[in-house]
Amino acid sequence: GMGRVNIRKATKKDLSRIAEIYVFNNRMNYWPIFKDDGFSFGELQVVTMIDNYFGKDEILKNILVYDDGLIKGFVQLKEREICKIYVDTFFQSKGIGKELIEYAINEYGANNLWALEKNERAISFYIKHGFNLTGEKKFEEDTIEYLVHLTR
């Protein structure tokens with residue numbers, strides 16, 4: 001649809017919003033599962049995430065942002081894998097995630113991803129967009145929680 005014009009490649013200027021959206025979503029989604037205060041509120045900081053992750057050229061060049069005057073979400077790809085897709089908690093359920101995932105599929109051929117098994121909301125979102133569980137699982141690094149593989 002017309003909303004497509006809101007999606008563009010990320011630039012350095014976008015880093016604080018990208019990291020902020022990631023940090024807040026991560027706390028909302030994963031703190032209730034892992035209850036790891038040290039990680040969620042210590043290691044997980046906007047500045048740290050920019051310095052150690054999002055600010056790296058090879059990561060930044062693979063991020064697309066949804067920007068309608070304000071960056072409200074982003075998707076990070078690695079070839080055809082969706083590594084991360086997040087919408088600001090204030091702007092969820094407005095179709096932004098749908099636009100991001102459809103753009104990644106249609107423009108970049110995105111066809112696979114890993115999701116936390118307990119993140120049922122995310123899994124049902126991916127299934128709605130044509131992804132299917134493969135039955136393949138692996139542990140999330142340094143945890144006892146499973147990631148599940150989806151492809152389309």
Side-chain angles (χ1 to χ4, degrees), residues 1 3-11 14-36 39-40 43-44 46 48-50 52-68 71-152:
R4 283 293 155 74
V5 297
N6 290 330
I7 297 173
R8 61 168 175 80
K9 294 200 81 134
T11 68
D14 306 325
L15 280 168
S16 72
R17 278 296 289 150
I18 290 167
E20 182 174 56
I21 289 166
Y22 174 74
V23 165
F24 277 81
N25 267 287
N26 194 295
R27 287 174 183 160
M28 298 283 292
N29 295 335
Y30 302 132
W31 182 82
I33 295 172
F34 297 112
K35 299 280 198 299
D36 184 343
F39 177 77
S40 286
E43 284 174 59
L44 204 61
V46 171
T48 317
M49 287 307 303
I50 292 170
N52 298 344
Y53 190 75
F54 291 114
K56 295 183 190 297
D57 288 341
E58 70 273 16
I59 302 287
L60 187 61
K61 75 173 190 328
N62 290 308
I63 294 178
L64 300 162
V65 292
Y66 180 99
D67 177 6
D68 62 2
I71 291 170
K72 293 181 176 171
F74 73 92
V75 58
Q76 177 197 339
L77 299 160
K78 184 180 179 181
E79 281 141 26
R80 298 175 73 181
E81 179 182 353
I82 293 174
C83 302
K84 294 182 176 22
I85 180 166
Y86 288 102
V87 174
D88 189 305
T89 50
F90 287 94
F91 303 105
Q92 285 174 5
S93 307
K94 297 187 191 312
I96 294 169
K98 176 184 195 297
E99 285 201 47
L100 281 165
I101 199 168
E102 287 177 1
Y103 194 88
I105 291 164
N106 296 330
E107 304 295 322
Y108 290 82
N111 66 7
N112 77 103
L113 57 91
W114 292 87
L116 199 63
E117 187 174 38
K118 285 186 181 167
N119 196 350
E120 287 165 21
R121 191 167 151 236
I123 291 168
S124 65
F125 170 79
Y126 298 130
I127 289 170
K128 201 168 81 183
H129 292 284
F131 287 80
N132 296 291
L133 288 159
T134 64
E136 197 183 345
K137 285 185 183 187
K138 65 181 181 185
F139 282 114
E140 169 77 285
E141 220 177 313
D142 302 325
T143 77
I144 55 160
E145 295 297 334
Y146 280 108
L147 293 168
V148 290
H149 196 215
L150 293 96
T151 59
R152 74 186 300 284

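Atom CG of L150 is separated from atom CH2 of W114 by 9.5 Å, given to the nearest 0.5 angstrom. To the nearest 0.5 Å, atom CZ of residue F131 and atom OG1 of residue T151 are 8.5 Å apart. Here the CD1-CD1 distance, from I59 to I50, works out to 13.5 Å after rounding to the nearest 0.5 Å. Within the model, atoms CG of N29 and CZ of F34 stand 10.5 Å from one another, a figure rounded to the nearest 0.5 Å. Taken to the nearest 0.5 Å, the CD1 atom of I96 stands 9.5 Å off from the CD1 atom of I7. Expressed to the nearest 0.5 Å, how far CD of Q76 lies from NZ of K61 amounts to 10.5 Å.
The aromatic rings of F139 and Y146 lie parallel to each other, their planes meeting at an angle below 30°, with 60° marking the opposite boundary. Using cut-offs of 30° and 60° on the angle between ring planes, the pair Y86 and F74 is tilted.
Residue F24 qualifies as open at atom CZ: its count of foreign heavy atoms under 6.0 Å is 12 or below.
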Side-chain donor-acceptor contacts of residues 77-85 below 3.5 Å, not counting sequence neighbours, with atom names and distances?
| unit_1 | atom_1 | unit_2 | atom_2 | d |
| --- | --- | --- | --- | --- |
| R80 | NE | G109 | O | 2.8 |
| R80 | NH2 | G109 | O | 3.3 |

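Closest approach of L44 to M49, counting heavy atoms only: CD1-SD, 3.9 Å. Scanning both residues, K9 and D14, for their nearest heavy atoms gives O-OD2, 4.3 Å. Residues I18 and A10 come closest through the heavy atom pair CD1-CB, 3.8 Å. What you find for I71 and R17 is that their closest heavy atoms are O-NH2, 2.6 Å. Minimum interatomic distance between P32 and K35 (heavy atoms only, all atoms of both residues): O-NZ, 2.8 Å. The minimum heavy-atom distance between N62 and E58, with the atom names listed, is ND2-O, 2.8 Å.
Judged by distance alone, the side chain of R8 and the main-chain N or O of D67 form no donor-acceptor pair under 3.5 Å. Judged purely by atom type and a 3.5 angstrom limit, N112 has no side-chain atom pairing as donor or acceptor with the backbone of H149.
Taking the side chain as every heavy atom from C-beta outward, F54 and L60 never approach each other to under 4.5 Å. Between R121 and Q92 there is a side-chain heavy-atom pair separated by less than 4.5 Å.
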- Message: Walk me through whether E145 and E117 qualify under side-chain contact (heavy atoms from CB on, under 4.5 Å).
- Response: CA-CA 7 Å; E145 295 297 334; E117 187 174 38; 6.0 Å; no

When you look at L147 and L116, which way does the side-chain contact (heavy atoms from CB on, under 4.5 Å) test go after all the steps?
CA-CA 4 Å; L147 293 168; L116 199 63; 4.0 Å; yes

**OP:** Please step through side-chain contact (heavy atoms from CB on, under 4.5 Å) for the pair K98 and V87, ending with a clear verdict.
**Re:** CA-CA 10 Å; K98 176 184 195 297; V87 174; over 6 Å; no

| message | Walk me through whether Y108 and Y103 qualify under side-chain contact (heavy atoms from CB on, under 4.5 Å). | response | CA-CA 7 Å; Y108 290 82; Y103 194 88; 3.9 Å; yes

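Under the salt bridge (charged side-chain N to carboxylate O under 4.0 Å, His left out) criterion, D142 pairs with no residue, sequence neighbours left out.
The existence of a salt bridge linking K94 and D68 is excluded, since no basic side-chain nitrogen approaches an acidic carboxylate oxygen closer than 4.0 Å.
Donor-acceptor pairing under 3.5 Å is recorded for the side chains of Y22 and N26.
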